[in-house]
Amino acid sequence: MKNYLPRSTSGIFYTGVVLVFALIPVFVSLSGQIFYLDIFSRIMVLGIAAMSLNLLIGYGGMISLGHAAFLGIGAYCVGIPVYYEIYNGWVHLVLAIVVCGIFALVTGAISLRTKGVYFIMITLAFAQMVYFTFVSLEEYGGDDGLVIELRSEFGTWLDLEDNMVLYYTIFGVLLVSLFVVNRLVQARFGRVILGSKYNERRMQSLGFDTYRYRLVCYVISGILCGIAGLFLGNFTSFISPEMMDWTRSGELIFMVILGGTGVLFGPIIGAGVFILLEVWLPQIITFINKLELGVELPHELWHLILGAILIAVVLFGRGGIHGLLTRRKRG
Amino acid sequence: MLEIVNLEKWFGGIKAVDNVNLRVNENEIHAIIGPNGAGKTTLISQVAGELKADSGQIRFRNEDITSLRPAQRARKGLARSFQITSVMLPMTLLENVSIAVQNRKGHSFRFWKSALDDNELIDEAIQALRMVGLDDRAHRIANEVSHGEHRQLEIAMAIAMEPELLLLDEPTAGMGPEESTDLIKILQRVKGQKTILLIEHDMDAVFSLADQISVLVYGRIIATGTKEEIRANPEVQQAYLGEG
């Protein structure tokens with residue numbers, strides 16, 4: 001690799017990433033690997049969720065360990081209406097926005113009174129409360145979850161039952177999210193959020209009521225994650241409290257760090273790498289075992305390898321994958 | 001402009017600020033001098049609102065601000081600089097100052113228009129940077145500039161807020177003599193136009209800038225007056241000037 005990469009290397013790379021997402025359905029229909037349509041839908045949905053978390057962690061310095069709660073709430077905002085045979089997608093969307101917004105407002109108002117480790121613990125606690133609430137709701141399947149019989153209906157022009165249409169709808173939401181988050185962090189609001197991450201005391205002495213700005217940021221992030229949840233529900237067609245378990249929140253954090261915190265495309269890259277490793281590592285182990293080299297690798301070994309890769313990225317690639325891409329620029 | 005009445009602050013059993021009374025008049029520079037540990041920074045932190053007053057009152061433009069939070073006081077027109085540089089290190093000098101400008105342009109719940117090429121912010125930020133002589137380095141990252149430049153940035157940020165009252169906590173702290181002289185020149189340019197409460201160790205700075213001087217020793221103000229009065233005061237000489 002050259003010592004000085006052109007400034008726009010990461011820009012070219014990320015444009016390429018968007019193109020890959022746009023062309024996956026073409027690849028799928030040519031190769032017949034329908035499986036990958038599913039994988040990339042999931043990458044985009046979790047990418048949007050991780051992007052919303054990046055608003056908190058990367059731009060705001062607020063490390064939330066309860067973000068999967070919003071993902072789950074968003075999904076149940078599809079699941080529960082569908083259970084009552086309300087299929088209108090706009091109803092689902094408004095519900096997801098309102099419920100996630102209110103939940104973020106209430107829990108954020110309390111959580112943001114704390115800092116650091118306490119903030120992590122309190123967001124975790126709120127998320128676990130939601131988790132156990134849904135576990136105990138027997139009407140909606142409790143632990144076993146709900147099957148979403150029919151996907152959200154946004155009108156005849158947008159038939160989400162068609163996987164291809166669903167894919168491109170999620171792709172559209174992803175592009176809009178990228179655009180909106182990009183505006184947000186460059187606007188005055190984003191400057192205050194970023195400034196509060198770097199030096200909250202100074203921001204206060206400059207006259208900014210940092211608590212209020214952070215709370216609004218928390219609500220925006222919660223709503224965006226809720227929208228991701230709505231599409232997660234639609235595309236998995238099965239939802240359960242398990243999707244808002246704290247380990248899910250941990251995975252979201254990992255996606256953010258893996259891709260690069262405070263970087264617009266970071267979470268998408270993080271989600272992509274994370275999920276593709278999850279898919280490919282078991283396949284690789286199966287492949288090695290088929291070679292019959294005399295040792296039978298335990299199938300679950302892939303978890304260990306995934307963990308090792310993640311640790312390596314955090315240790316050696318400060319700034320995540322984005323950091324690796326741009327590292328040499330400052331030489 | 002600023003009136004401090006019977007202000008006190010306790011840290012455990014130690015009285016850091018002991019029954020302080022102080023008046024700062026409009027457009028004058030009021031300097032507070034005193035030996036290390038006299039409670040100067042504690043006092044300025046109380047005026048800025050970061051430390052609560054245990055008793056007493058702080059009045060700003062005839063309004064009691066004793067119970068207001070720092071951000072509220074800043075919006076009323078109080079700006080402070082920090083003795084230990086406190087800026088947003090990963091941001092450029094320009095970004096740091098334009099955030100300071102941003103605050104007086106109304107609330108920042110503006111989510112769409114980019115702040116990075118907003119001339120309303122940039123122009124005034126550049127102006128403040130020019131005042132302290134940093135405009136040619138506007139795009140440097142704050143983390144990568146020298147200590148002296150950090151001190152200048154502190155002043156630029158405070159000036160950019162266009163405050164009614166500027167609280168400067170040892171602006172020349174850790175500076176070499178040359179840098180110090182430059183900074184004094186900058187402050188002389190705003191002298192007479194701005195009300196400043198200045199804490200300073202550097203006696204050259206104090207005597208060339210201040211209209212009024214108060215001497216703080218062990219949390220108590222032992223004398224207030226013009227520089228001639230302070231120089232002539234036997235108590236001050238004994239407690240402070242004589243030692244130096």
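For clarity, every value in this text was computed on a predicted model and none was experimentally measured.
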Arg191(A) vs Leu116(B) side-chain heavy atoms within contact, under 4.5 Å:
yes

Do Glu50(B) and Gln204(A) have side chains that approach each other closer than 4.5 Å (heavy atoms only, starting at C-beta)?
no

Mind checking the CG-OG spacing from Asn103(B) to Ser205(A)? Nearest 0.5 Å is all I need.
9.5 Å

In Å and rounded to the nearest 0.5 Å, what is the CZ to NZ distance from Arg183(A) to Lys113(B)?
9.5 Å

[X] and [Y]: which non-hydrogen atoms are nearest, and at how many Å?
{"X": "Val87(B)", "Y": "Asn199(A)", "value": "O-ND2, 3.1 Å"}
{"X": "Arg188(A)", "Y": "Gln102(B)", "value": "O-NE2, 2.9 Å"}
{"X": "Val216(A)", "Y": "Phe109(B)", "value": "CG2-CE2, 3.4 Å"}

Looking only at heavy atoms and a cut-off of under 4.5 Å, which of Leu184(A), Thr210(A), Val192(A) has the most pairs with chain B?
Leu184(A)

Can you list the residues of residues 145-164 of chain B that sit under 4.5 Å from chain A, counting heavy atoms only?
Glu154(B), Met157(B), Met161(B)

Part of residues 54-76 of chain B lying next to chain A, heavy-atom separation under 4.5 Å
Arg69(B), Pro70(B), Ala71(B), Ala74(B), Arg75(B)

Using a cut-off of 6.0 Å, state whether more than 12 heavy atoms not belonging to Leu175(A) lie near its atom CG.
yes

For atom CD1 of Ile110(A), decide whether the heavy atoms of other residues, nucleotides or ligands shown that lie under 6.0 angstrom number more than 12.
yes

Per the ring pair (Phe, Tyr, Trp, His ring centres under 6.0 Å) rule, what does the pair list look like for residues 66-100 of chain B, sequence neighbours excluded?
none

Going by ring pair (Phe, Tyr, Trp, His ring centres under 6.0 Å), name the pairs with one or both residues in residues 177-201 of chain A, residues two or more places apart or in two chains.
Phe179(A)-Trp112(B), Phe189(A)-Phe111(B)

Is Ala100(B) in contact with chain A via its backbone, its side chain, both, or neither, using a 4.5 Å heavy-atom distance?
both

Is it the backbone or the side chain of Asp117(B) that comes under 4.5 Å from a heavy atom of chain A, or both, or neither?
neither

Could you check whether any side-chain N or O of Arg202(A) sits under 3.5 Å from a backbone N or O of Ser86(B), counting only pairs where one atom can act as donor and the other as acceptor?
yes

Evaluation steps, side chain to side chain contact (heavy atoms under 4.5 Å, CB included), between Leu206(A) and Met88(B):
CA-CA 12 Å; Leu206(A) 288 176; Met88(B) 278 66 85; 4.1 Å; yes

Side chain / backbone / both / neither for Leu194(A) at chain B, heavy atoms under 4.5 Å:
both

